[in-house]
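The block underneath contains the structure these notes are about, expressed in structure tokens.
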Amino acid sequence: MSESQVIHHSALPLTTASIAADLRTLGIRNGDILLVHSSLSSLGWVCGSAIAVIDALLESVGADGTLCMPAHSGENSEPSKWENPPVPPEWCETIRANMPAYRAAVTPTRGMGKIAELFRSYPGTLRSDHPQVSFTANGKQAEQITKTHPLNPQFGIDSPLGELYRLGGKILLLGVGYGNCTSFHLSETLWSEMPKMKSGACILKNGQPQWTEFEDFDYDSDDFDLIGAALESETEYTRIGRIGNAECRILPVKESVDFAEKWIAKNRSDSVK
């Protein structure tokens, strides 16, 4: 077996019970409102795969808590801006005319990982109504978090991220870095100099699919790792621990968004002077 084929296991197989215990050690409590960004492969060998992880997360927040995840579907977007992979320019009009409309019950996630993709179909999970950057939630505050999601700004204060901000939610980076911390996009919407761009998606209007163009902020996560590093060095908001092989971080939505807003205003403004 080559080195690239070697599977590096944690000392013991991970189970729903062991993951739930590690989550409690990290600081997750009954009643928490938890937004999870995750990588299943980072954990090591899990008995039950993504099902076990979701069950552990739901157990950790309890009946009084709420579990949330991103359920983004970026394929439903302006094709001329696609990069991974790009499509020939002459295809774009055909794609716009034939892209299936977003439907919360069936539209799959893209690039969110196995845990988030499975969670959207879990019993009791609700999904917000945005064709590109929907969020899912399951638990006591699920309806409040997902009921409103404007087309633009998609990550603004009236989106599910804004509800998580107001409700005092927590963020769990489960085996992923700050580059995946979607809440920092809410901080971007609060920066007065944030550039904008034209976008588009297929949505249902009067029951019929319709390609719809709209303007939104030109979101950019390239410096999110720098924001995270500054957050950790300048505050005590972040708690770091491990679940299996995965390094994990827990941080508060509101305080982290407020910190990132100030960081962006200072550092991005300096970079464009």
Side-chain angles (χ1 to χ4, degrees), residues 33 35-37 68-84 95-96 99-113 116-117 119-120 125-137 141-167 169 171 176 178-205 209-224 227 253-254 256-258 260-261 264-265 268:
I33 299 169
L35 174 62
V36 179
H37 303 278
C68 310
M69 296 189 195
H72 303 175
S73 47
E75 187 176 44
N76 189 358
S77 61
E78 172 51 49
S80 64
K81 295 182 170 64
W82 291 357
E83 296 180 350
N84 295 307
I95 291 171
R96 295 186 195 102
M99 178 66 69
Y102 171 76
R103 287 171 287 169
V106 299
T107 299
T109 63
R110 184 175 188 270
M112 298 290 100
E117 171 60 17
F119 180 64
R120 73 176 179 84
T125 294
L126 304 179
R127 190 177 187 183
S128 69
D129 192 24
H130 196 284
Q132 294 171 351
V133 296
S134 62
F135 286 81
T136 48
Q141 302 291 348
E143 183 175 0
Q144 181 174 346
I145 290 167
T146 59
K147 68 180 179 180
T148 302
H149 200 159
L151 195 59
N152 64 316
Q154 57 191 29
F155 294 120
I157 200 66
D158 294 324
S159 75
L161 287 179
E163 283 298 321
L164 288 164
Y165 179 94
R166 285 186 286 271
L167 290 169
I171 301 161
V176 300
Y178 284 102
N180 295 84
C181 188
T182 311
S183 297
F184 290 163
H185 286 313
L186 173 55
S187 308
E188 289 187 293
T189 71
L190 302 173
W191 180 39
S192 60
E193 299 177 41
M194 187 68 182
K196 294 186 176 182
M197 62 178 287
K198 290 184 178 180
S199 188
C202 189
I203 61 177
L204 287 175
K205 289 191 174 181
Q210 181 175 323
W211 185 261
T212 303
E213 294 184 343
F214 57 96
E215 186 178 69
D216 203 346
F217 293 111
D218 189 7
Y219 301 100
D220 184 2
S221 61
D222 286 352
D223 56 8
F224 283 9
I227 296 173
V253 174
K254 184 181 186 304
S256 300
V257 166
D258 290 345
E261 177 191 358
I264 289 169
R268 290 194 189 176

Quick check for you: to the nearest 0.5 Å, what is the distance between I95 atom CD1 and N76 atom CG? 11.5 Å
Can a donor-acceptor pair be found, under 3.5 Å and without considering hydrogens, that links the side chain of T146 to the backbone of P160? no
Minimum side-chain heavy-atom gap L35-L161 below 4.5 Å: yes
Would you say S134's side chain and A71's backbone share a donor-acceptor pair under 3.5 angstrom? yes
Side-chain (E117) to main-chain (G111) donor-acceptor, under 3.5 angstrom: no
Is the backbone of M197 close enough, under 3.5 Å, to the side chain of S199 for a donor and an acceptor to pair up by distance? no
So, taking the atom named CD1 in I227 and the one named SG in C181, what distance separates them when rounded to the nearest 0.5 Å? 8.5 Å
If the test is side chain to side chain contact (heavy atoms under 4.5 Å, CB included), which one of I203, L204, D129 qualifies with R103? L204
Pairwise distance OG(S73) to CE(M112) - rounded to 0.5 angstrom: 9.0 Å
Salt-bridge test for R268 and E188: reply yes if a basic N is under 4.0 Å from a carboxylate O, no otherwise. yes
Decide if atom CD of E75 counts as having more than 12 heavy atoms of other residues, nucleotides or ligands within a radius under 6.0 Å. no
Is the distance from the ring center of F224 to that of H185 below 6.0 Å? yes
For a side chain to side chain contact (heavy atoms under 4.5 Å, CB included) with Q132, tell me which candidate from Q154, E78, R110 qualifies. Q154
Taking atom CD of E143 as the centre, report whether more than 12 heavy atoms of other residues, nucleotides or ligands fall under 6.0 Å from it. no
Go through the steps for D220 and F184 under the test side-chain contact (heavy atoms from CB on, under 4.5 Å), then give the verdict. CA-CA 10 Å; D220 184 2; F184 290 163; over 6 Å; no
Quick one: do the Y165 and D258 side chains pair a donor with an acceptor below 3.5 Å? yes
If I take atom CE from residue M69 and atom OG1 from residue T125, how far apart are they, to the nearest 0.5 angstrom? 8.0 Å
Donor-acceptor under 3.5 Å (E193 side chain, A265 main chain): no
Enclosure of R166 CZ (heavy-atom neighbours >12, cutoff 6.0 Å): yes
To the nearest 0.5 Å, what is the distance between OG on S159 and CG on L164? 8.0 Å
When you measure from the side chain of N152 to the backbone of E215, do you find a donor-acceptor pair of N or O atoms at a distance under 3.5 Å? yes
Could you label the plane-to-plane angle of the H149 and H130 rings as parallel, tilted or perpendicular, counting under 30° as parallel and over 60° as perpendicular? tilted
Between the side chains of T136 and R120, does any donor sit under 3.5 Å from an acceptor? no
More than 12 non-hydrogen atoms from neighbouring residues, nucleotides or ligands closer than 6.0 Å to NZ on K198, yes or no? no
